[in-house]
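Order of the sequence lines sets the chain letters (A, B, ...), proteins ahead of strands, with each chain counted from 1. The basis for the numbers below is simple: all heavy atoms, side chains too, and nothing from hydrogens, waters or symmetry mates.
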Amino acid sequence: MCNLTNIAKTVGVNKMVPTVSVPYPLGNPQLRPDDEWALRYHRTGVALDALETDVDGQTIFPVKI
Amino acid sequence: MKLEIGKFFVKEMVFGEKTGYSKGVLTINKEEALAVVKEDSHITEAELHIACPGDEIRMVPVKEAIEMRCKVSGGVMFPGVTNPVMPAGQGRTHALKDCSLIVVGKHWGSFQDGLIDMAGPFQRNTIFGSLKNLVLVGDTDEEFERHEQQKKNRALRWAGHRLAEYVGKCVAALEPEEIETWELEPVNRRDASVQGLPSVVYVLQPQTQMEAMGYNTLVYGWDGNHMLPTYMHPNELLDGALISGSFMPVSSKMSTYEHCNNPVVKRLMKEHGKTLNFLGLVMSNLNVAMDQKQRSAYMVAQMAKNLGADGAIVAEEGYGNPDVDYIQTIVELEKVGIKTVGISNECTGRDGGSQPLVALDPAANALVSTGNVSQYFELPPMKTVLGELESMARDGLSGGWEGCVHPDGSLVMENNGMFCSDHISGFSVKTCMDY
Amino acid sequence: MLKAIHYINQFFGQVGGEDMADYEPEIRTGTVGCTQIFNTLAKDVEVTHTIICGDNFMASRTDEALERILAMLEGKTFDIFIAGPAFNAGRYGAACGQICKAVKEKYGVPVITSMNEENPGVEMFHKDMYIFRGGNRATFMKQDMERLAAFADKIARGGKLLPAPMEGYFPRGIRHEVFLEDIGQKPVMAADRVVDMMIAKLKGEPYQTELPMPALDRVPVAPAVKDLRKVRLALVTSGGIVPRENPDRIQSCSATKWGKYDISALEKGFTAPEYKTIHAGYDPEQADKNPNVVVPLDAIRAYQREGRLGVVDEFFYTTVGTGTTQGEAARMGREIAAVLHERNVEAVVLTAT
């Protein structure tokens, strides 16, 4: 899970979930605490789903929030 | 817009009764100068020293380097910072040359502070090793960041900028020994002969990655993180519209001194009308989130394209995740048909084997490399240390680590901690090569 | 006078041609054929023994060939090991690379070889040794030997290593900074270099980039986990989250250490200030307030309670990613992976800043 998916690609990562930013990958101080938690919960869930998904090559899994 | 820089070449720097300049000798009245520093009650201790090339002096933690200069007409020094905000880049500025003002912490360093040697094998690693330096060593009551690795260093940096102007003012009324004239007509009012030349923009990506305020490069006193790319006249950069920040691992830093003397801008101005049509500056930034990096890259490319640029030079004040902003900006410029050249440093790791930039793209096929952040140095002891040597080991400076300073005064460090040593502004006489 | 041992194939060893490609490795005292040319060219280095081995033997029975040749070197005194030149002969180039690499690993001496840029041995071994740029035919023997001899002499005299293009060998994937004046070049400022490069690029004239783009890494895709509820999952991070006292003193920049910390008692996730970040490359404010924004343990615990997950490893694994060399990161990655394997971890969520 990283913000800079370009970098992850150059070192060969195959499954990537985009994060919010460098200093707070799964947080966002501009959101209300419940919304921030919802974001973290959702994106972590996408990562778990990605672990159970077969891919052909380097793949970025989209997130909804 | 025309800017004249009146130059005074300092041959000798001394402390004396009256601050003034005559026939190459710059005299500074210590008490008056320190009074300017201590205008800010947050400064608890301050001393002034003179450090010249060849003096066995080591300075650490160095926080800033500033050219001593003043505005004679057409504006104020460092608008929006130590003076009210107003336009910069025109009128007359008088500058003391072959010298600079260096700001050093008496004890406490931070991630962005570095080291300068005025003699010995590492004298040549920074341009300040070849300048006569007025050195301000100070301590402050900024307890909130005393033991933080990231420091705003505000009191000392502002004091340095104030002091630079105080000293610079001593040549305000004098006739310069030489005058540099920087002039660039408005973009759409240029002669056909100039319009016919290949046109170029200089894209500057200053360090602006802290989201908390007080650390980043300031543009007319405004935090560079809270900006989108914009268009500026090169004179504004040469005349103090930008001051350097306090966040960058220091070999990658562009000091205020270098912003005011940016040699890429000066060279482009010299080529203007001869080989190139210099369209001006695109002031961008460096951001921490992918979408912010992309936004700035897209806007830079749009702006350059619609200014009609044929070529662009992109300068990245940083390494690591800022390489993403750098490469992406180059890629977007190339995508809209603008031939792009980049200037940055590298981080190849101490063994030299790491990928030199963290982001790569075949479109980035014309790059100048000014140095390697990871280069390993062994420094001999130095007779005099201005500041505190142990700060390199204790305070989280980017090129140091616990135990890197030895009891005999020698130390080991990474180039990362050598003050502005990669001179991405353009002063670097280093490159990186395959070994 | 330094001593060298020189490896050549069956053809240059005057044993035979393709018909003798299965020739078993042997060591002879003195020089044979072309290795004699080396001795006439080098001033401070002398080849004392020649090893001859068939290209097919090395290619198809590599482990055995290496074992036998390394055994032949036991008890011999040598300061440099040379192989080839292999020109465009693919199996010969690969053989030179294999033996040089093995000798370097076992004996730690400088190893040098030579082959043409088209030789597949270059791609395979350029990172492991000095491979000098060679001609594409045996007619280049003298020139290629001259380069090898000159470099061997330089090693003998303790001369300073110049950048690869100046020394004449293929880049080894190692880059260092260098002052232009130290390599006999005019100390042209980067500002002038970049504007000159701009002008050349605009004119369509040739220029030389100072930072060539390296090839990108690819990793084979691991098969997907069939059912997360049946496996052990671990959390790993390069974001520098550590227990407050940073007990293992992981460095804030250019890290060479990683830590593993017991989180089994943290039922709801990380708490501050018991956990914090030590990563110097980003604004620590949010991570220090709530470390779960870097390692989402609280979300993982929620999924555990819901039955989405099986076992979550008792430890989480952490280091700092700023300034850390790729070599160190790869080593730490391998070490962490080894521990994860031991602990039967089959799935990892890795967060990076």
Side-chain angles (χ1 to χ4, degrees), chain B residues 111 124 149-150 198 200 210-212 263-264 267-268 271 275-276 288 310-311 313 320-321 339 341 343 346-357 360-362 364-375 396 398 401-402 414-416 423 426-435, chain C residues 127 161-167 170-181 183 185 187-195 197-203 207 209-214 216-217 249 251-254 278 280-286 321-329 353:
Chain B
F111 188 62
R124 66 176 180 168
Q149 186 173 24
Q150 307 290 3
V200 169
M210 278 300 267
E211 290 183 321
V264 176
R267 172 78 196 278
L268 286 170
E271 296 293 335
T275 55
L276 297 171
V288 287
D310 298 304
I313 296 179
N321 85 72
K339 294 189 163 57
V341 178
I343 173 169
E346 305 181 21
C347 177
T348 67
R350 205 176 289 179
D351 59 0
S354 292
Q355 206 171 279
L357 298 174
L360 305 170
D361 195 289
N365 59 10
L367 301 179
V368 164
S369 180
T370 65
N372 183 4
V373 157
S374 320
Q375 209 69 33
S398 49
W401 53 88
E402 214 176 296
E414 281 187 1
N415 177 35
N416 212 350
H423 291 303
F427 286 109
S428 170
V429 287
K430 299 183 298 187
T431 185
C432 288
M433 295 186 78
D434 293 309
Y435 268 83
Chain C
K127 290 196 174 175
L161 190 66
L162 293 175
M166 298 175 74
E167 293 285 7
F170 293 99
R172 295 179 297 158
I174 293 173
R175 286 174 67 81
H176 292 303
E177 74 170 27
V178 63
F179 277 88
L180 292 168
E181 62 185 353
I183 48 172
Q185 292 188 21
V188 178
M189 264 199 321
D192 290 318
R193 285 155 30 210
V194 80
V195 174
M197 197 181 281
M198 178 84 271
I199 294 174
K201 194 169 183 184
L202 283 167
K203 283 187 180 165
Y207 59 86
T209 184
E210 297 180 7
L211 209 183
M213 290 282 114
L216 304 176
D217 254 328
R249 321 294 264 145
Q251 303 96 323
S252 287
C253 181
S254 308
I278 46 151
Y282 65 82
D283 182 345
E285 188 181 342
Q286 298 303 320
T322 184
T324 308
T325 73
Q326 266 170 269
E328 290 297 318
T353 54

To the nearest 0.5 Å, tell me how far [X] [atom1] sits from [Y] [atom2].
X	Y	atom1	atom2	value
Lys201(C)	Lys339(B)	NZ	NZ	8.0 Å
Glu285(C)	Met210(B)	CD	CE	8.0 Å
Arg193(C)	Ser369(B)	CZ	OG	8.0 Å
Thr348(B)	Glu177(C)	OG1	CD	9.0 Å
Arg267(B)	Asp192(C)	CZ	CG	4.5 Å
Lys203(C)	Thr275(B)	NZ	OG1	7.0 Å

Return yes if some donor-acceptor pair links the side-chain N/O of Gln150(B) with the main-chain N/O of Ala280(C) below 3.5 Å, else return no.
->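 The answer is yes, because a donor-acceptor pair under 3.5 Å joins these two groups.
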Under 4.5 Å heavy-atom distance to chain B, tell me which part of [X] shows up: side chain, backbone, both or neither.
X	value
Ser254(C)	side chain
Gln251(C)	neither
Val188(C)	backbone
Tyr207(C)	side chain
Leu162(C)	backbone

Under 4.5 Å heavy-atom distance to chain C, tell me which part of Gln375(B) shows up: side chain, backbone, both or neither.
->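 Contact with chain C is through the side chain of Gln375(B) alone.
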Would you mind checking which part of Val200(B) comes under 4.5 Å of any heavy atom in chain C, side chain (CB onward), backbone (N, CA, C, O), both or neither?
->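 Side chain only.
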Count the heavy-atom pairs under 4.5 Å between each of [options] and chain B, then report the option with the highest count.
options	result
Gln286(C), Arg249(C), Lys127(C)	Arg249(C)
Leu180(C), Ile183(C), Thr322(C), Val194(C)	Val194(C)
Ala191(C), Pro165(C), Gly281(C), Pro187(C)	Ala191(C)
Pro212(C), Ala164(C), Pro163(C)	Pro163(C)

Salt bridge (Lys or Arg N to Asp or Glu O under 4.0 Å) partners of Glu328(C), counting only residues at least two apart |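 Per chain and number, Glu328(C) pairs via salt bridge (Lys or Arg N to Asp or Glu O under 4.0 Å) with Arg331(C).
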Taking all atoms of both residues into account, what is the closest heavy-atom pair of [X] and [Y], and its distance?
X	Y	result
Arg172(C)	Tyr435(B)	NE-O, 3.1 Å
Ser398(B)	Cys253(C)	O-SG, 4.1 Å
Asn365(B)	Thr209(C)	O-CB, 3.3 Å
Asp351(B)	Ile174(C)	O-CG2, 3.7 Å

Looking at Gly311(B), Pro198(B), Ala366(B), Gly353(B), which has the largest count of heavy-atom pairs under 4.5 Å with chain C?
->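 Most heavy-atom pairs within the cutoff with chain C belong to Ala366(B).
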